[in-house]
Participant: 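For reference, the structure I am asking about is given below.
Throughout, protein chains are lettered first and strands after them, A, B, ... in sequence-line order, and every chain is numbered starting at 1.
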Amino acid sequence: MLKIEGLTAEVDGKPILKGIDLEVPAGEIHAIMGPNGSGKSTLSYVLSGREGYEITGGSVSFNGVDLLALEPEERAAAGLFLAFQYPVELPGVGNALFLRTALNAVRRGKGEPELDAMQFLKLARERMKALSMPEDMLKRGVNVGFSGGEKKRNEVLQMALLRPKLAILDETDSGLDIDALKIVADGVNALRAPDFSALVITHYQRLLDYIVPDKVHVLMGGRIVQSGGPELAHQLEASGYASVKAA
Amino acid sequence: MSAIATGAEGFLHRFDGLRQRLPGARLAWVQALREAAAESFRAQGFPTRRLEAWKYTDLRLVADAGFEEALSVVDAEFALPPAHSRWRAVFQDGRLREDLSTLEEAPFAAASLAAGLSTLEGRLGALARPAEQALVALNTALFEDGLVVTVPAGVAGGVLELVSLASPGERPAAFHPRHLIRLEAGASLTLIETATGPAGTRYLHNPVYEIELAEGATLTHARLQQEGSAAFQLGTAYARVAAGATYDNFTLNAGGKLVRNEIHVVLEGPKAACHMNGAQLLRDGQHADTTTVLDHAAPDCASRQTYKTVLSGRSRGVFQGKIHVHQVAQRTDGYQMNQALLLSPEAEIDSKPQLEIYADDVKCSHGATVGEIDADQLFYLRARGIPEAQARSMLVEAFLTEAVEGVQDAVAREALQAAVTGWWEKAA
């Protein structure tokens with residue numbers, strides 16, 4: 001599904017990623033854990049194609065395609081989804097219009113027919129119900145006046161509608177209470193399938209109690225310094241990142 | 001062959017030639033009004049950038065154009081804009097085309113100014129200030145027609161459309177309609193105005209509005225300025241708002257080569273309200289200026305102003321907003337916001353808010369923002385699979401929608417929203 005080899009990247013001339021090697025096979029969920037400033041968010045932005053990051057070396061292959069050569073919208077159409085750490089507010093853009101435009105753009109990319117307003121509403125209502133989202137969130141501006149938890153749920157709703165092949169969750173757990181965390185985790189777990197993979201980026205082990213990863217990687221100083229099974233997350237929780245550094 | 005005089009002299013020369021033929025030539029008060037206005041225009045000349053009120057808008061293009069009398073091709077066929085109402089007044093080159101208008105059986109009275117001039121002494125010119133505004137002086141000297149609307153007390157007037165068309169032609173024409181709108185106590189009206197003209201034809205549309213709102217009246221005044229690509233529109237509106245009345249103006253500046261939308265509002269009774277909102281949509285080579293002058297002259301009045309400008313290519317936008325809170329105007333609630341979105345590095349926006357506050361118990365705020373399309377918002381949309389061009393369109397439209405959403409009247413709001421969407425689809 002996703003194969004990262006020797007990836008290096010800079011921001012404003014400062015190296016942040018210093019040689020990432022990572023492979024996420026189809027159907028697996030991998031967690032990336034690491035302290036602040038380790039390069040977690042940079043990795044998610046580099047993979048999704050945000051401007052301002054200079055790729056200085058390495059490669060990323062996504063289902064055999066050179067991911068780094070694609071525009072952000074092409075990556076989305078190819079099945080990549082980034083759940084933002086800080087979902088952006090779009091005043092004046094209605095959530096329903098936004099979701100439908102995104103869904104139809106991705107469907108076009110897949111060669112599927114576009115949905116009209118009625119078909120879309122039916123689908124959106126179904127998905128929102130599963131996420132315990134009030135229907136009036138469709139009428140409001142995208143993320144405008146949403147609480148932290150509502151914004152994150154809106155991210156998961158987008159993911160549930162777009163049905164990506166690979167989801168990157170960038171600290172989706174930050175700012176969530178335990179109930180919201182469960183809802184978000186259920187949303188991700190519902191997508192689990194042999195052709196769905198996820199990269200769960202988090203600072204804390206908490207989210208991984210609900211989204212149990214196949215593998216856990218520790219990112220520090222721009223490199224993956226340790227990889228292991230789900231038990232690694234618990235070790236980190238108990239002894240902290242300093243123990244990894246010492247190892 | 002005589003050369004056409006340009007600048008102020010050209011217009012004065014025409015006034016000299018036309019004064020016996022203009023409407024009201026046999027009415028002494030009209031003649032006196034015109035003579036005084038011509039004298040005032042002679043003294044002022046075309047405004048230049050040396051005047052503070054004209055610092056950002058250069059009228060030399062207009063002054064040098066050498067306009068002639070508007071010679072209407074009366075049988076010209078026009079594609080009329082889609083109707084928003086049963087009642088519409090259609091003007092061609094500043095003169096009412098009765099044959100294209102439908103004004104009968106309306107709950108209000110609406111008729112040609114030229115035809116009813118003998119009944120308008122004291123009303124025509126009650127608000128306009130030709131001695132201070134050169135273009136208003138020009139309008140007063142040379143008006144040929146206009147629309148006179150009166151909504152009787154307590155009557156809900158519904159929607160009235162005012163359509164202004166310009167004839168195609170080789171020689172630049174100028175017209176100066178004078179519109180008088182009066183809502184008696186408790187009356188309401190939605191006036192939707194569309195001004196259009198042929199692309200590439202140079203003409204000057206110089207309308208003046210005198211708007212009187214009696215106690216508790218509500219006027220929604222939506223102006224869709226979609227003049228031809230080479231046109232000049234220099235409009236001045238005066239509104240006097242009595243106690244408990246509301247003036248809701250929204251001006252969309254989308255057409256024309258050089259445009260000025262100047263509005264003077266006086267809130268003169270307690271609890272009067274005023275909304276002056278607008279959007280300016282500018283392409284390469286266009287110049288649009290919105291200038292508002294608002295007098296809070298009574299206590300407990302509220303005013304809201306939000307103007308948004310989108311500039312592409314080498315275009316220039318201007319916003320000047322003056323709020324004068326008189327000493328008696330305690331508990332004034334005033335708000336003014338001017339926002340610009342620059343789509344091109346060559347575009348320019350000038351913004352000049354001006355607050356003069358002489359009362360002590362006042363809530364008055366203003367702000368201005370200038371920016372490009374937000375990179376985070378753009379990336380968010382693209383990361384969801386929306387192609388860059390479409391994502392940009394969505395963000396520009398969202399920026400403008402926020403301004404249109406404030407219009408209270410649904411018919412006016414939908415007409416404006418359609419115009420905004422249409423402009424952007426053509427531009428994109």
Participant: Taking side chain as everything from C-beta outward and backbone as N, CA, C, O, which of these in L162(A) sits under 4.5 Å from a heavy atom of chain B? Side chain, backbone, both or neither.
Facilitator: side chain
Participant: Could you tell me whether E112(A) atom CD has more than 12 heavy atoms of other residues or ligands within 6.0 Å of it?
Facilitator: yes
Participant: Where on E89(A) is there a heavy atom nearer than 4.5 Å to chain B: the side chain, the backbone, both, or neither?
Facilitator: backbone
Participant: Is the count of non-hydrogen atoms from other residues, nucleotides or ligands lying under 6.0 Å from K110(A) atom NZ greater than 12?
Facilitator: yes
Participant: Under a 4.5 Å heavy-atom cut-off, does chain B meet the side chain of R50(A), its backbone, both or neither?
Facilitator: both
Participant: In this structure, are over 12 heavy atoms from other groups packed under 6.0 Å from R413(B) atom CZ?
Facilitator: yes
Participant: Does anything in residues 377-388 of chain B reach chain A? List residues with heavy atoms under 4.5 Å apart, or say none.
Facilitator: Q377(B), F379(B), Y380(B), L381(B), R382(B), A383(B), R384(B), G385(B), I386(B), P387(B), E388(B)
Participant: Count the heavy-atom pairs under 4.5 Å between each of V106(A), L80(A), T101(A), L97(A) and chain B, then report the option with the highest count.
Facilitator: T101(A)
Participant: Would you mind telling me which of F98(A), Y45(A), F84(A) has the largest number of heavy-atom pairs within less than 4.5 Å of chain B?
Facilitator: F84(A)
Participant: Taking CG in D12(A) as the centre, count heavy atoms belonging to other residues, nucleotides or ligands within less than 6.0 Å. Is the count above 12?
Facilitator: no
Participant: Would T401(B) and V93(A) count as a side-chain contact (heavy atoms from CB on, under 4.5 Å) if you check the C-alpha gap in whole Å, the side-chain angles of each, and the deciding distance to 0.1 Å?
Facilitator: CA-CA 9 Å; T401(B) 295; V93(A) 180; over 6 Å; no
Participant: If you count the non-hydrogen atoms of other residues, nucleotides and ligands that lie under 6.0 Å from OH in Y86(A), is the total more than 12?
Facilitator: no
Participant: Is it the case that atom CD in E51(A) sees more than 12 heavy atoms from other parts of the structure closer than 6.0 Å?
Facilitator: no
Participant: Check whether more than 12 heavy atoms from other residues, nucleotides or ligands sit under 6.0 Å from atom NZ of K3(A), and answer yes or no.
Facilitator: no
